[in-house]
Each structure stands twice: as structure tokens, then as C-alpha cells.
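Any value given below was found using the heavy atoms of this structure, including those in side chains, with hydrogens, waters and symmetry copies removed. Quick caveat, the model's predicted, so the values are computed rather than measured.
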Amino acid sequence: MLDTALLISLTLIVLAMAMNVYRLAIGPDVPDRLLALDTLYVNSIALIVLLGLWLNTKTYFEAAILIAMLGFVGTMAICRYLLRGDIIE
């Protein structure tokens, strides 16, 4: 039962990632593309966690935490650059 639920979840996450890539490529302006990129890294974290559950290993959870930290810092840097034109004051 768990394998079926994981397979369905993996399929839906990959579908969501495909839609995010579409919005990233077609997005009408920069904030839409930034939100698509932010959602894409959140979906990649979910994909890595589900893959870790499926393969029954803890290494993928550590990778997901690392991607979450880097994604947060990257999003903050890009938002600050869009709002102020400079990252470091």
C-alpha cells in the first residue's frame, strides 16, 4: 500500500514540477518567474523526501534540508536584488 501511495505521490510531484518549469519559461514578468522557481525548489525537496522514503535511506533527508537552506537564502537574495537593486548594503 505504501509503495502505491509513494508512486502516485512521485508522479504528482513530477507533474507539478513540469508545470513550474512551464511557468518559469513562459512567465509574463520577473516576479512570476521568481515564484515559479521558488515553488520548483520546494517541489524538488518534496521529491527528494519521497525518494528517501521509497529507498529507505536517511541520506536524502539531509540533502533535502541542505536544498531548503540554500533555496531560502537564494530566494531572499533575489528578492532583495529585485526590490533594492543591491544584495549587500
Side-chain angles (χ1 to χ4, degrees):
M1 181 73 175
L2 184 63
D3 289 334
T4 306
L6 285 174
L7 186 62
I8 291 170
S9 299
L10 285 170
T11 305
L12 292 175
I13 295 286
V14 168
L15 180 67
M17 289 177 77
M19 288 189 282
N20 286 329
V21 168
Y22 174 75
R23 176 53 66 190
L24 187 64
I26 303 297
D29 50 354
V30 176
D32 286 335
R33 291 182 176 162
L34 180 63
L35 286 173
L37 188 64
D38 191 43
T39 308
L40 186 65
Y41 93 80
V42 170
N43 285 337
S44 69
I45 292 169
L47 186 69
I48 290 172
V49 168
L50 287 174
L51 191 63
L53 283 173
W54 194 18
L55 297 176
N56 200 15
T57 182
K58 294 180 178 140
T59 307
Y60 290 101
F61 298 112
E62 294 172 4
I65 290 172
L66 182 66
I67 290 174
M69 288 188 299
L70 290 175
F72 175 74
V73 170
T75 301
M76 289 297 114
I78 292 173
C79 287
R80 184 172 287 214
Y81 178 73
L82 287 177
L83 289 175
R84 297 182 184 170
D86 191 18
I87 297 173
I88 300 173
E89 296 181 64

Under 3.5 Å, sequence neighbours excluded: what are the donor-acceptor pairs made by side chains of residues 50-76?
| from | atom 1 | to | atom 2 | distance (Å) |
| --- | --- | --- | --- | --- |
| T75 | OG1 | D38 | OD1 | 3.2 |
| T75 | OG1 | G71 | O | 2.8 |

Which pairs would a plain distance check flag for residues 9-30, meaning a side-chain donor or acceptor within less than 3.5 Å of a matching protein atom at least two apart in sequence or in another chain?
| from | atom 1 | to | atom 2 | distance (Å) |
| --- | --- | --- | --- | --- |
| S9 | OG | A5 | O | 2.8 |
| T11 | OG1 | L7 | O | 2.8 |
| N20 | ND2 | A16 | O | 3.3 |

Taking C-beta and beyond as the side chain, do L2 and L6 meet within less than 4.5 Å on heavy atoms? yes

Should V49 and Y41 be counted in the same cluster of Ile, Leu, Val, Met, Phe, Trp and Tyr side chains packed under 4.5 Å apart? yes

same_hphob_cluster(L40, L47) at 4.5 Å side-chain heavy-atom cutoff: yes

